[in-house]
Protein chains: 2
Amino acid sequence: MKKVSLKDIATAAGVSTALVSYVLTNKEKEARVGEEIAKKIREIARKLNYQPNHIARSLKSGRSFTIGLIVADISNPFFGHIARTIEDEAKRNNYTVIFGSSDENAAKSGDLVNVLLNRQVDGLIITPAEGSEQQLRQLQAQNIPFVLIDRFFPDMAASYITVDNYQGAKKAVEHLIRKGRQRIGMIAYKTTLHHISERKRGYQEALQAHGHDAGRSLLKTARYSHLKEDMQLAIDQLLNSRHRADAIFFATNSLAIEGLKYINERGIRIPDELAIITFDETDALDLFYCPVTFVRQPIAEMGKAAVRVLLEQINQPHKGIEHICIDTTLVVRKSCGKRR
Amino acid sequence: MKKVSLKDIATAAGVSTALVSYVLTNKEKEARVGEEIAKKIREIARKLNYQPNHIARSLKSGRSFTIGLIVADISNPFFGHIARTIEDEAKRNNYTVIFGSSDENAAKSGDLVNVLLNRQVDGLIITPAEGSEQQLRQLQAQNIPFVLIDRFFPDMAASYITVDNYQGAKKAVEHLIRKGRQRIGMIAYKTTLHHISERKRGYQEALQAHGHDAGRSLLKTARYSHLKEDMQLAIDQLLNSRHRADAIFFATNSLAIEGLKYINERGIRIPDELAIITFDETDALDLFYCPVTFVRQPIAEMGKAAVRVLLEQINQPHKGIEHICIDTTLVVRKSCGKRR
DNA sequence: CTTGCATCCTTAAACGTTTAAGCATATTTT
DNA sequence: AAAATATGCTTAAACGTTTAAGGATGCAAG
């Protein structure tokens, strides 16, 4: 049972394929197709259950109506959520999504970009990995539309969707300060990626603004690739020093989860011994015996915006880049304790 | 800067496109291409940074080297993990993955199938929704290769990858019995999907085999679409009756998470007041104050198997269907308490 | 009766590949 | 020397669409 093509319909209707194409793409008016025959063609198409061959159409039009999505890891619920909203929004616009996971690795990300481009995606939505500027500049040189999401490179003129990471971090730390915490630590990824830098900056400036010690000693980092070991070390350092930290601000949900696992292991009581606050929400934070206060990123909004901006770039190539920065919200729960 | 095509290379080298194609697809031998010119062609291709147009290739070959993946919801980490392993395994075989989320809705799933087929995917990996048998049979009638994963329909002759849900559930309940629990409840989705039925059957038969009350009263269901309300009702019913349940077995991770949220809200202590066990692992279960004992599905293995079976079906159309059933493992933690 | 203009439809090229078939030319075999 | 084979390349069709251009017919206007 071969697939039905325009030619089959044309033969059945005794007309040329051109006519069939005009009718089935609703160009009857422009092409002045007779009412009778149009009806007949539609009828036959329905009866044969004609499904247009998207690939042929793409080849002709040079557009695939496909978006390439590169995230760090699709199995991380944060990126899963992003993927989901992008999927939904893309579908609303008759686009489909091909995805790939970069594991925060620039080389992998580069491979992925190439694979996706060979598949003729019309544009890309990317959570760029550290060190991937070069790739992105190449995309720009090739005039491939793309939008960065979650992170971006401040000195690259590219469209991006981000949240106000600086303010978000500041809110988090100020919340801890309001709760009377004195020695506030932070654990972030060891990366130069701008969103993380901004969170660090928010942390440090909030501390300074309130006369807290903002030395380096309370800001720890962990490698994405050695999360577990580095996390344990970081927490041990924060908690074993003479001036033991009484609060930890995690820069992302994956850090928070890994960190809380170890904190549980060590039997540290939240919030009495230690206050916890983090970026990003996830089920795990709800279920923690002491629900974790967090900085919420409006993921749905970000995903939608990314698709919108990308489609604009695709359809209006001279539109110019767009920067969208959305505010975060602090969702207060119990992990920072009461004022003390 | 237009994309470089075979023709551009051919022009530059002063040969026909055919020759270029032969060389760049490594068919020099069969096509008896001269060594000199082959080298020259490769050189030019490299210099022009030629990237083959996958779409044109697909149109010609009738194969897109693309797999369609339909899951219930890509933002659910369980499906995110599946997607990730499928992505990796597909990439190893030079395939890419287009995905869509069905939200357990047969109509949505049908739309998705159509979208993906129009994109000429070579095959599909599907977590079928309830009531989607008809769609699948249509796929069979059209000779579209597909593999079911996670669930399947026992009276449909289609390839599938599943775990032994019956045994998995049985193990879970037997563990509770060994721990001395007397009134073991179960909360499942309200669905006729076979994997859930099997888990229910495992639950019931384990109870019977050990002389426990296996009446209907302790087996509750919740609708996927009204999870929160139904879950609260189910738990209230299990815990408010005269013969209060002393253990709950959740049929999936999403049920467990929703359930534990409410259990936390009600302030019920695990494992003393209530033992908890569930299918599927997720970070949230690790972080719970009392780490949750669960039945592990070997997701990586399942994803790999799904890709392998699908590619076999694509490449050897007369191979016949394949059923793969993998064992689960019980991962014991603290949520079922000590023997009592 | 021509001319012009609608109306309705067909032709054919194009998108970028792949690949069977064919055509020279050179080399070997008989 | 003729025939057979080998070598190295080109031609052209095909995949399923889209769409500009053109052809044929009918009809109204001059």
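Computation of the quantities below employed the complete heavy-atom set of this structure, encompassing side-chain atoms and omitting hydrogens, waters and symmetry-equivalent molecules. We name chains A, B, ... by the order of the sequence lines, and we start the count at 1 in each one.
Between A:Arg57 and D:dT18 there is a side-chain polar atom (N or O) within less than 4.0 angstrom of OP1 or OP2. The shortest distance between the side-chain N/O atoms of B:Lys27 and the OP1/OP2 oxygens of C:dT19 is below 4.0 Å.
When distances are taken from the side chain of A:Ala18 to each of C:dC8, D:dT19, D:dC9, the shortest belongs to D:dT19. Of the candidates C:dT10, C:dT19, D:dT17, the closest approach to any side-chain atom of A:Leu19 belongs to C:dT10. Set against C:dT10, D:dG16, C:dG16, the side chain of A:Ser16 has C:dT10 as its closest nucleotide.
Between the CD atom of A:Glu36 and the C1' atom of C:dT7 there is a distance of 14 Å, rounded to whole Å. Going from atom CG of B:Leu59 over to atom P of D:dT18 covers 12 Å, rounded to whole Å. We find that OH of A:Tyr50 is positioned 3 Å from P of D:dT17, with the value rounded to whole Å. At whole-Å resolution of the value, CZ in B:Phe65 and C1' in D:dC15 are 15 Å apart. Atom P of nucleotide C:dT17 and atom CG of A:Asn118 are separated by 10 Å, given to the nearest angstrom. Atom pair B:Ile41:CD1 and D:dT10:C1' shows a separation of 12 Å (rounding to whole Å applied). The CG atom of B:Asp8 sits 13 Å away from the C1' atom of C:dC15 (whole-angstrom rounding). Atom CG of B:Leu6 and atom P of D:dA13 are 19 Å apart (whole Å).
Taking 3.5 Å as the limit, the base of C:dT18 and the side chain of B:Lys60 contain a donor-acceptor pair of atoms between them.
Note on A:Thr25: only backbone sugar-phosphate atoms sit closer than 4.0 angstrom, heavy atoms only; bases stay farther off. Counting non-hydrogen atoms under 4.0 angstrom, A:Ile37 reaches the backbone sugars and phosphates but no base. Residue-level contact check: A:Arg32 touches the bases, meaning some heavy atom is under 4.0 Å from a base atom.
Using a cutoff of 4.0 Å between basic side-chain nitrogens and carboxylate oxygens, B:Lys27 and B:Glu30 are not scored as salt-bridged. Ion pairing between A:Glu301 and A:Arg308 fails under the 4.0 Å rule for side-chain N and carboxylate O.
Of the residues near DNA chain C, A:Ser61 and A:Val33, the one whose nearest nucleotide (by heavy atom distance) lies more toward the 5' end is A:Val33. Nearest-nucleotide mapping onto DNA chain D: of A:Pro52 and B:Gly34, the residue sitting toward the 5' end is B:Gly34. Between A:Tyr22 and A:Ser5, the residue anchored nearer the 5' end of DNA chain D, judged by the nucleotide with its closest heavy atom, is A:Ser5.
The minimum heavy-atom distance linking A:Pro128 with A:Ile149 is given by the pair CD-O, 4.0 Å.
Under the 30°/60° scheme for interplanar angles, the aromatic rings of A:His323 and A:Tyr160 are found to lie parallel.
Ring centroid separation for the pair B:His194 and B:Phe153 does not come in under the 6.0 Å cut-off.
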